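Please read these numbers as outputs of a predicted model, since none were measured by experiment.
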Protein chains: 2
Amino acid sequence: MQISMKCSIAIHCLIFIYEAKGIAKVTSNLLAESTGCNPVIIRNIISSLKKAGLISVARGTGGAELCIKPSEITLYQIYNALEPDGLSSLIGIHPCKDRKCPVAQNIQKVLQSPYQKIEDSIKETMKNITLQSMIDDFHMIVN
Amino acid sequence: MQISMKCSIAIHCLIFIYEAKGIAKVTSNLLAESTGCNPVIIRNIISSLKKAGLISVARGTGGAELCIKPSEITLYQIYNALEPDGLSSLIGIHPCKDRKCPVAQNIQKVLQSPYQKIEDSIKETMKNITLQSMIDDFHMIVN
DNA sequence: AAAAGATGTAAATATTAATATTACATCATA
DNA sequence: TATGATGTAATATTAATATTTACATCTTTT
């Protein structure tokens, strides 16, 4: 499992939703058009963000809106909303526990601490990146 | 692209090579047996580690040995040996630059800084983890 | 000098994971 | 009730990984 395009698409959607506020109703088709991916992919991502409480989506009439101020939405929240298993699925370990070799039997335990450190550092970094900062960057780049 | 099993397998091999020193000749078949994966996979990983100067492999007669002290081999070196594109391939961005939407046109630039921060933090963490520390952990667990 | 046992790689295949599509039930407003 | 939207399951497609096969090459031993 990687930090997949889903995360990038989600950020794209959130910025779009923010920018479109008061201008246009943000439907999954509109987001699909902007991101270049399928409406169902969008609906799934949108659905995850909704479950995480980051956005609200009007059923029937349609349209997505932010529930929380961009300054209070972190990249970690976004990532976590999308990946139910979180960062623990980021790094793969080969299965070899049932072998005779003592290295094989213990490699999983040996790797646990280093990999945990990596996950923790990603988590910390993600927590320090807000949607607001990305929106600010967007405005900076556009103007 | 993820931080794949290759990395775990490489660490497995390096610990094995260290532990086997003076006891057995470490061939790709032996490593394949211990890790549970194919000898060709092992030979490819071993080849990468060799190119990175971490180990030396005797041609013909066979057998791998560490070239550098475990305390001077970092997880970052190991990872980099295996992934030619490095961490920059870790996080995916959806292609949408050719669209009319201003968000689509600029999302790539917006994402660059956050993703760079994540990569840097992984890099820093990996640099602080040595093969020696993992070998120490291994001994601690076994005894 | 040839046999044995290794590595080094290319190429073909198989497997698995990620992404996209189709289809349809459900919902809310005009 | 027609329209345009969301929600989600099932399936198909594509791309990334891993495996296998095959064989050239290398070095020591006999």
Of all the nucleotides listed (C/dT22, D/dG7, C/dG8), which has the minimum atom distance to the side chain of B/Val57? C/dG8
Go nucleotide by nucleotide along DNA chain C from the 5' end; which of A/Ile41 and B/Ser28 gets its closest nucleotide reached first? B/Ser28
Looking at C/dT7, does its base get a donor-acceptor pair with the side chain of B/Arg43 below 3.5 Å? no
Ignoring backbone atoms, establish whether B/Ser47 has a side-chain N or O less than 4.0 Å from OP1 or OP2 of C/dT9. yes
How close or far is atom P of C/dA17 from atom CE of A/Met5, stated in whole angstroms? 18 Å
Measure the distance from CG on A/Leu31 to C1' on C/dA20 and round it to the nearest whole Å. 17 Å
Integer-rounded Å distance: C/dA6 C1' and B/Leu30 CG: 13 Å
OP1 or OP2 of C/dT21 versus the side-chain N and O atoms of A/Asn38: is any pair under 4.0 Å? yes
Can a side chain N or O of B/Lys6 be found less than 4.0 Å away from OP1 or OP2 on D/dA18? no
Per the salt bridge (Lys or Arg N to Asp or Glu O under 4.0 Å) rule, what does the pair list look like for residues 7-36 of chain A, sequence neighbours excluded? A/Glu33-B/Arg99
Specify the separation, in whole Å, of atom CD1 of A/Ile42 and atom C1' of D/dA5. 15 Å
A/Ser8 and B/Tyr115 side chains, donor-acceptor separation under 3.5 Å: yes
Relative to the 5' end of DNA chain C, which residue comes earlier, B/Thr27 or B/Val40, by the nucleotide with the nearest heavy atom? B/Thr27
Exercise: do A/Ser34 and A/His12 side chains pair donor with acceptor under 3.5 Å: yes
Which of C/dA20, D/dA24, C/dA25 is nearest the side chain of A/Arg59? It is C/dA25
Only one of A/Asn128, A/Ile129, A/Asn80, A/Ile122 passes side-chain contact (heavy atoms from CB on, under 4.5 Å) with A/Leu75; say which it is. A/Ile129
